[in-house]
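The block underneath contains the structure these notes are about, expressed in structure tokens.
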Amino acid sequence: MEAFKYFVRVCGVSTMVIAAVMGVVLFAVPTILYQRQVSSLFVTSGNNNGSHMTQGSKSGSLAWVFLDVISDWIAYAIKEFVYVGLARSWIQPALLTSLARAQMSEIWNSSDYYLVSVVRCTERAASLGVHVFLADSIVMIANLGFVAYNTQRLSYSALGVLIMAGAGVVYFRTRKGSGALLAIQRYRRRIIGDMDKTAHDLFSGSRVVRIHGAYSVFGDKLRELDSRQQAVGGLANAVLFTKYLWQYMVDAALSLGLVGVMLLVDVNSWRLTPASVQLYYETASKSLMLLSQLANIQADATNHAQVFQELCDVGNMVPEAPWLTVSNKAGAVARSSQQGRIVFSSCSLRYKQGDRLALNGVTFSIRAGERVGIVGRTGSGKSSLLLALLRVVELESGAISLDGVDVGKVGLHELRRSIGVVTQTAALVEGTVRSNIDPFEERTDAEISLAIRSCQLSELGADKWIEGGGRNLSAGQQQLVSICRAVLRRKKVLVLDEATANVDEHTEQIISAVVNREFKHSTVVIIAHRLEAIAGCSRILVMDDGRVVEQGAPRLLATRNGHYARLLRAAAAGGGNGEA
Ligand SMILES: Nc1ncnc2c1ncn2[C@@H]1O[C@H](COP(=O)(O)OP(=O)(O)OP(=O)(O)O)[C@@H](O)[C@H]1O
């Protein structure tokens, strides 16, 4: 039911009504033709026993059969087109939008492979969902009409037999152990999920796995899961096969038995003619089909309940704030050229309800054009400052302003586009250097060449092909591409979050020189572990346990016996690598 509500919400009531009307046309037409075919058998030759078909009615009947087959075929072809099209046009884009707009906490709570698998199964599941909820229900209703119409022609005794047989079918279908099958399928799906996850861990961390020779650990786990999956899969197939075999046998026996019994009980009230036999047979088989369909819709809905649940979970993810500014003033300020003044006022943030505060009443301000270093132990809340500024995670309390405008009132898209960010991982996608540094194709060739030269990437050039994740580039080259992206956007605020943590000294110097040259007039915030990375900053903020515990000019802080001095001493004792 939740899935049905979701389809209605995503596709809109009007689309669902159109789909239903199309379904009626697609499925009712073949049924009506079928009905005409049966009726044509009753065309009499004019004598009063009403039992003989004329030559004309025979050929008419054949024509109806032919039309029936053709229309069935067309209906099924269009069904695929209409419902798969519906899934492609509405459900899939809605799911992707939901994923793209979901709050980051929603994404963090789901694993990558799970989200990929949901997106992959979207079309199949969505079209299947619409089939189950619309198409099959419509076929059932059409059949119901057919049966209801034909039962008017049956005698009471034949009708009684039909009802008893129907009750038998319902009993058999609902009594048989589809619950066991469902449990087996659920278990199998869980194993397959574990296999996906293990394979994902194996390949995403393949460098580390190789270095430690840990393939056997993953290999053993995958083999064990695979053999379990095969055993359970075999069991599921056996149960399924038995179920279908049983169903077909019961259906065939019931149809034939039913016709026989109806003829027997009716032998006195009906003359046995080809037409009456045909009527009995059609009514019996259609009635049974109707009940089967009812059972199948229920079984399908149960079988696919988990997939629908996943679709609904992803489709109903809580969205982030609006992308565009609601208030005119905030919009105007966001669009105007900024100065780069940042103020955090009593900001508190937590990632999840019940978690401890990652930022706890943080207050500080950064002047326009200032260069500030943020240091602190691991987990002290440095990166959380950046996530709060970009509203990747919303504040629990407090406010952040950019050039006097509360960022909480600025559209996310406008806010994020107004700040340059370089993080520890470059997030490179498959494509050229050019498409990675200017994904929206906003810059001229000259601007791109200039930025590439400035970041000492001429060796690669704009047309160098980058593989997914930047696999074919060194860590240093990846970061240079990332800084080049920031240079092209050239914003009034630049935040470097551990941007040089993975690069050698030489690349660090290049990045530092690029920042000094290209962001001379911007506000630069450098979040770093290594104290070398913040050399040249005019002010240092020291974070500890989600609070700013110290701030001031580096020389001044070094002379105090405070947090920063302790970090300096620890760095010196640690071999001089400057780890904060
Ligand atoms: N996605 C997340 N979900 C839940 N908790 C998180 C998440 N990211 C960070 N935290 C928690 O928030 C706190 C602050 O983390 P943050 O990443 O801001 O620290 P940091 O100082 O940048 O650390 P590091 O220097 O190691 O990057 C930590 O206790 C961390 O466990």
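Computed from a predicted model, the values in this text were never measured in an experiment. Worth knowing before you read on, the calculation uses all heavy atoms, side chains too, and leaves out hydrogens, waters and symmetry mates. Every number for a ligand or one of its atoms is a count from 1 in the order of the listing.
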Margin query: Using a plain distance cutoff, I'd like to know if W108 has any nitrogen or oxygen under 3.5 Å from a nitrogen or oxygen of ligand 1.
Written below: no
Notebook entry, point to check: Is it true that D220 and R223 have a side-chain N and a carboxylate O under 4.0 angstrom from each other?
Noted result: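 Result for this pair is yes, salt bridge flagged.
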Note to self: Between D201 and K197 (salt bridge meaning N to carboxylate O under 4.0 Å), is one present in this structure?
What the structure shows: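 Yes.
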Next item on the list: Answer yes or no for H529: is there a heavy-atom contact with ligand 1 below 4.0 Å?
Entry: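 Under 4.0 Å: yes for H529.
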Item checked: ligand 1 contact by M543, heavy-atom criterion under 4.0 angstrom -> no
Among protein heavy atoms, which sits nearest to [atom], and what does the distance come to when rounded to 0.1 Å?
atom	result
atom 26 (O) of ligand 1	T378 OG1, 2.5 Å
atom 8 (N) of ligand 1	Y351 CZ, 3.4 Å
atom 25 (O) of ligand 1	K382 NZ, 2.8 Å

Notebook entry, point to check: Does atom 31 (O) of ligand 1 have any protein heavy atom closer than 4.0 Å?
Noted result: no
For [X], atoms of ligand 1 separated by under 4.0 Å from a heavy atom:
X	answer
R377	21 (O)
A358	12 (O), 13 (C)
S384	14 (C), 15 (O), 16 (P), 18 (O)

Next item on the list: Indicate yes or no: at least one non-hydrogen side-chain atom of V515 is less than 4.5 angstrom from one of I526.
Entry: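 Side-chain contact under 4.5 Å: no.
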Check: Are any of the side-chain heavy atoms of T500 and Q479 separated by less than 4.5 Å?
Finding: no
Checklist line | Within 6.0 angstrom of R367 CZ, more than 12 heavy atoms from elsewhere | finding: no
Note to self: Just to be sure I'm reading this right: ignoring hydrogens, which of G379, S383, G376 gets closest to atom 14 (C) of ligand 1? Compare them by their nearest heavy atoms.
What the structure shows: G379
Next item on the list: Using a 4.0 Å heavy-atom cut-off, say whether R356 meets ligand 1 through its side chain, its backbone, both or neither.
Entry: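 For R356, the contact with ligand 1 is made by the side chain alone.
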Check: Which residues pass the ring-ring contact (aromatic ring centres under 6.0 Å, His included) test with Y215, sequence neighbours left out?
Finding: none
Note to self: Taking ring-ring contact (aromatic ring centres under 6.0 Å, His included) as the definition, give me every residue that meets it alongside F218, ordered by chain and number, with sequence neighbours left out.
What the structure shows: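 If we apply the ring-ring contact (aromatic ring centres under 6.0 Å, His included) test to F218, skipping adjacent residues, there are no hits.
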Check: Are T507 and D504 linked by a side-chain donor-acceptor pair shorter than 3.5 Å?
Finding: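 Yes, side-chain donor-acceptor contact under 3.5 Å.
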